[in-house]
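See structure below.
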Amino acid sequence: MNKIILETNNLKKSFNHADGKITLFENFNIKIKEGELVALVGPSGSGKSSLLHLLALLDDPTKGEIILNKQETQHLSNYQKDELRRSSVSIIFQDNNLLTDFTAIENVMMPLIIKGENTKEIFKKAEQILKNVKIFNRSKHFPNQLSGGEQQRIAIARALIAETKIILADEPTGNLDFKTSKEIFSLFLKLKKLKKTIIFATHNRELANRADYKLYISQGTIKRVNAR
Ligand SMILES: Nc1ncnc2c1ncn2[C@@H]1O[C@H](COP(=O)(O)OP(=O)(O)OP(=O)(O)O)[C@@H](O)[C@H]1O
Ligand SMILES: [Mg+2]
């Protein structure tokens, strides 16, 4: 039996905006296990990115709790949340937020530099990962010298280098052509074999259907549905 790595209890997220209250979801309960590949689907504006931000402990739920790697998170300080995130979660953001003053390979190296690992070793790892995501030939380019899809692959590489147990990806293949999307998805399948847990938001039906299951967000609820 695979262990539960991420759990939510009665999770609710709503926003109070001048135009009125928006409830994205409530009473969301899920137990996600090690090695699960989960697709997060639903129309634009339904709350996929918001949910990923909550799971990454980058935003607070309106109600309910998130248990990450067996640790309850609601009473943690920001510093403790940062620590837990750094050790357990890698995030690929929808707008990839690469550091503009650093080259592609430096961006990929960053999570391990922050951890204080040996620079030569980090460089070797980064080179290999850049090869895996087929972007090695752009290693020395700065983000503004890369296409949208290339930047996205750098962001994916940066998420992979830390080898965390959980990978949260917000439309990781959004800017990629069909062939490259499939290659990224095969990487996810490899990570799954290594017992990594991957939750990815996507509008791509074919990829969503190849996940273990889907979480479908729509009109204030999240339902678990079988992918096939
Ligand atoms: N800080 C905020 N204040 C008020 N409303 C917000 C805030 N952040 C997000 N929203 C609203 O919450 C809804 C969900 O946004 P979210 O980015 O999670 O959607 P999404 O499912 O990721 O959409 P997409 O597929 O377009 O990326 C949107 O309608 C958005 O306008
Ligand atoms: Mg989004």
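In each ligand, atom 1 is the first atom listed, and ligand 1 is the first ligand listed.
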Exercise. Output yes when a protein non-hydrogen atom is found under 4.0 Å of atom 5 (N) of ligand 1, and no otherwise.
Key: yes
Self-check item: atom 28 (C) of ligand 1 protein-contacted, heavy-atom criterion under 4.0 angstrom
Solution: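 Given the 4.0 Å cut-off, atom 28 (C) of ligand 1 counts as touching protein heavy atoms.
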Quiz item: Considering all heavy atoms of both residues, which atom of K115 and which atom of R86 are nearest to each other, and what is their separation?
Solution: CE-O, 4.5 Å
Donor-acceptor pair, side chain of [X] and main chain of [Y], under 3.5 angstrom:
| X | Y | answer |
| --- | --- | --- |
| T8 | F28 | yes |
| T23 | G220 | no |
| N107 | F102 | yes |
| D170 | A201 | no |
| H141 | Q145 | yes |
| S186 | K182 | yes |
| K48 | G42 | yes |
| E117 | L112 | no |

Quiz item: If you measure from each non-hydrogen atom of L24 to ligand 1, which part falls under 4.0 Å: side chain, backbone, both or neither?
Solution: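 Only the side chain of L24 comes within reach of ligand 1.
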With the threshold set at under 4.0 angstrom, would you say [X] reaches ligand 1 through any of its heavy atoms?
| X | value |
| --- | --- |
| H53 | no |
| P43 | yes |
| G47 | yes |

Report the nearest protein non-hydrogen atom to [atom]: residue, atom name, distance rounded to 0.1 Å.
| atom | value |
| --- | --- |
| atom 31 (O) of ligand 1 | I22 CD1, 4.8 Å |
| atom 9 (C) of ligand 1 | F15 CE1, 3.4 Å |
| atom 15 (O) of ligand 1 | S50 OG, 3.7 Å |
| atom 14 (C) of ligand 1 | G45 O, 3.2 Å |

Practice problem: Take the angle between the ring planes of H53 and F93 and call it parallel below 30°, perpendicular above 60°, tilted in between. | Solution: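 Rings of H53 and F93: tilted, as their planes differ by 30° to 60°.
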Quiz prompt | Option whose closest heavy atom lies nearest to atom 26 (O) of ligand 1, chosen from S49, G20, S44 | solution =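 Nearest option to atom 26 (O) of ligand 1, by heavy atoms: S44.
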Practice problem: Write out all pairs satisfying ring-ring contact (aromatic ring centres under 6.0 Å, His included) with one or both partners inside residues 206-228, taking only residues at least two apart or from two chains. | Solution: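 For residues 206-228: none.
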Practice problem: For the Mg ion (ligand 2), check which protein N, O or S atoms are under 2.8 Å away and list them. | Solution: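 The answer is S49 OG, Q94 OE1.
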Quiz item: Do N132 and R153 meet the criterion of a side-chain donor-acceptor pair at a distance under 3.5 Å?
Solution: no
Practice problem: Just jot down the ligand 1 atoms closer than 4.0 angstrom to any heavy atom of E171, in number order. | Solution: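 Checking each atom against E171, I get 25 (O), 27 (O).
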Quiz item: Q94 heavy atoms, cut-off 4.0 Å: which ligand 1 atoms fall inside?
Solution: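 In order of numbering, the contacting atoms are 27 (O).
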